[in-house]
There are 2 protein chains.
Amino acid sequence: MSKEPAAEPRWLTDEEQYAWQCYLHATTLLEDHLDRQLQRDAGMPHVYYGLLVHLSRAPRRRMRMTELAQNMKITRSRLSHAIARLEKNGWVHRENCPSDKRGQNAHLTDEGMRVLEKAAPGHVAAVRAAMFDRLSPEQIRQLADICRVMADGLQPKGADLPWLR
Amino acid sequence: MSKEPAAEPRWLTDEEQYAWQCYLHATTLLEDHLDRQLQRDAGMPHVYYGLLVHLSRAPRRRMRMTELAQNMKITRSRLSHAIARLEKNGWVHRENCPSDKRGQNAHLTDEGMRVLEKAAPGHVAAVRAAMFDRLSPEQIRQLADICRVMADGLQPKGADLPWLR
DNA sequence: CACCCCTTGTTAAATCTTCAATAACTCATC
DNA sequence: GATGAGTTATTGAAGATTTAACAAGGGGTG
């Protein structure tokens, strides 16, 4: 039954193309900018910094690997590599999960906490300078709405389905 | 004069933190999604596809390396590696620039054009499904405005200043 | 218990990106 | 036309990410 290869793809309108170009430029430039800012000031890329932030907010600064990966929207594999690197730096420590012998908890060490606290002000300043100090309060709300819609559409539907491939 | 280390960093408000989280989730998920879609359907990551698109729109399908890098907001180094890979695939061809012996032109080959044309419909569909079919026309305008402001703030001020580090 | 399927987390290899260094060339000035 | 400063593009090495495959444990069913 009807399996034609989409006779006429609906191309983007001029407005959509423009928006798409702006989006790609903004996201690329911002990610690059923050990666460099953090690499310079804290010796790690942006995603790694995000991992420390998440851990610092978790109860007892601990989180299961899978949960952390889900919160950060990255694969478990990527997380494994990242935590391995952060552990080598002494900023995170792995420990076995008591309730599940397969599991691992990532634990933000005191030294990791110090690194985070030292890097945070500069990073917030960079994020502000790039985004929040340039947008109106209304635009910030609009951006949140827009991004929430997009993220919802890209998340696995069932909360427990094979997540991220 | 006044060189204190920013006495009190202005942290993000709750609204700003929420918007930032949404932004990070949406951009991460979308980029991952498109990377996988294109890797699967066209055998290349999203940025490489973008390179082919840009070349296909250039006069005579040719562009100077630096100009292409600037348009794509990536470093020349990254572009060199990427073009080397695309050239190995036979999708792009390098040629010397007639007017500047230092220069190189990247040229989209016929085969590259075919690959692009074959990949385009699926890619547009993915972008639509993730973004444009989920947002209202007004939201699309808002997004473009927001991203333009951010991109402007992250661009080098002088058009000819050492660009992107 | 035995069986099977699912989840958790890691790993190796291939690929991609970043960073710093470099060769080759242009252009302005002397 | 020589000198020197800046531009163009590339390279190798180190670091990061993806992919597929895997070991090991959980948890339900007979």
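To find a chain, count down the sequence lines: A is the first, B the second, and so on, and within it residues start at 1. The figures that follow rest on heavy atoms only: side chains count, while hydrogens, waters and symmetry mates do not.
Straight-line distance from the CG atom of A:L38 to the P atom of D:dG15: 18 Å, rounded to whole Å. As a whole-Å value, the separation of B:I74 CD1 from C:dC19 C1' is 15 Å. B:Q70 places its CD atom 11 Å from the C1' atom of D:dT7, with the value rounded to the nearest Å. One interatomic measurement links the two molecules: NZ of A:K101 to P of D:dA24, which rounds to 14 Å at whole-angstrom precision. For A:Q39 and D:dG15, the CD to C1' distance is 9 Å, given to the nearest whole Å. Distance CE (B:M65) to C1' (C:dA23): 16 Å, rounded to an integer number of Å. Between the C1' atom of C:dT15 and the CD1 atom of B:I83 lies a distance of 16 Å, rounded to the nearest Å. When the P atom of C:dC16 is taken as reference, atom NE2 of B:H46 falls 15 Å away, rounded to whole Å.
The side chain of A:R85 approaches D:dA16 more closely than any other nucleotide in the set D:dA16, C:dA24, C:dT11. For A:Y48, whose side chain is taken as the heavy atoms from C-beta onward, the closest listed nucleotide among D:dG26, D:dT17, D:dA9 is D:dT17. Between C:dT17, D:dT18, C:dT10, one nucleotide has an atom nearer to the side chain of B:R78 than all others, and that is C:dT17. Relative to the side chain of B:S80, the nucleotides D:dT11, C:dG9, D:dT8 differ in distance, and D:dT11 lies closest. Set against D:dT19, D:dT17, D:dG26, the side chain of A:V47 has D:dT17 as its closest nucleotide. Closest to the B:R102 side chain, of the nucleotides D:dA9, C:dC25, C:dT11, is C:dC25.
Taking 3.5 Å as the limit, the base of C:dC19 and the side chain of B:S77 contain a donor-acceptor pair of atoms between them. The base of C:dT18 sits within donor-acceptor range of the side chain of B:H81, with an N or O pair under 3.5 Å. Judged by distance alone with a 3.5 Å cut-off, no donor-acceptor contact links the side chain of B:R76 to the base of D:dT8.
With salt bridges taken as basic N to acidic carboxylate O contacts below 4.0 Å, one links A:D110 and A:R61.
Contact annotation for B:D35: no contact, since no heavy-atom pair falls under 4.0 Å across all strands. B:R94 comes within contact range of the sugar-phosphate backbone alone, with a heavy-atom separation under 4.0 Å but no base atom that close.
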Next item on the list: Decide yes or no on salt bridge (Lys or Arg N to Asp or Glu O under 4.0 Å) for B:K118 and B:D41, but give the supporting numbers first.
Entry: CA-CA 9 Å; B:K118 198 164 149 200; B:D41 298 351; over 6 Å; no
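Residues that satisfy the salt bridge (Lys or Arg N to Asp or Glu O under 4.0 Å) test with A:E111, not counting sequence neighbours, are absent from this structure.
Side-chain N/O atoms of A:T66 include one lying less than 4.0 angstrom from OP1 or OP2 on C:dG9.
Side chains of B:P45 and B:R85 form a contact here, defined as non-hydrogen atoms less than 4.5 Å apart. Counting heavy atoms from C-beta outward, A:H123 and A:H46 have side chains that approach closer than 4.5 Å.
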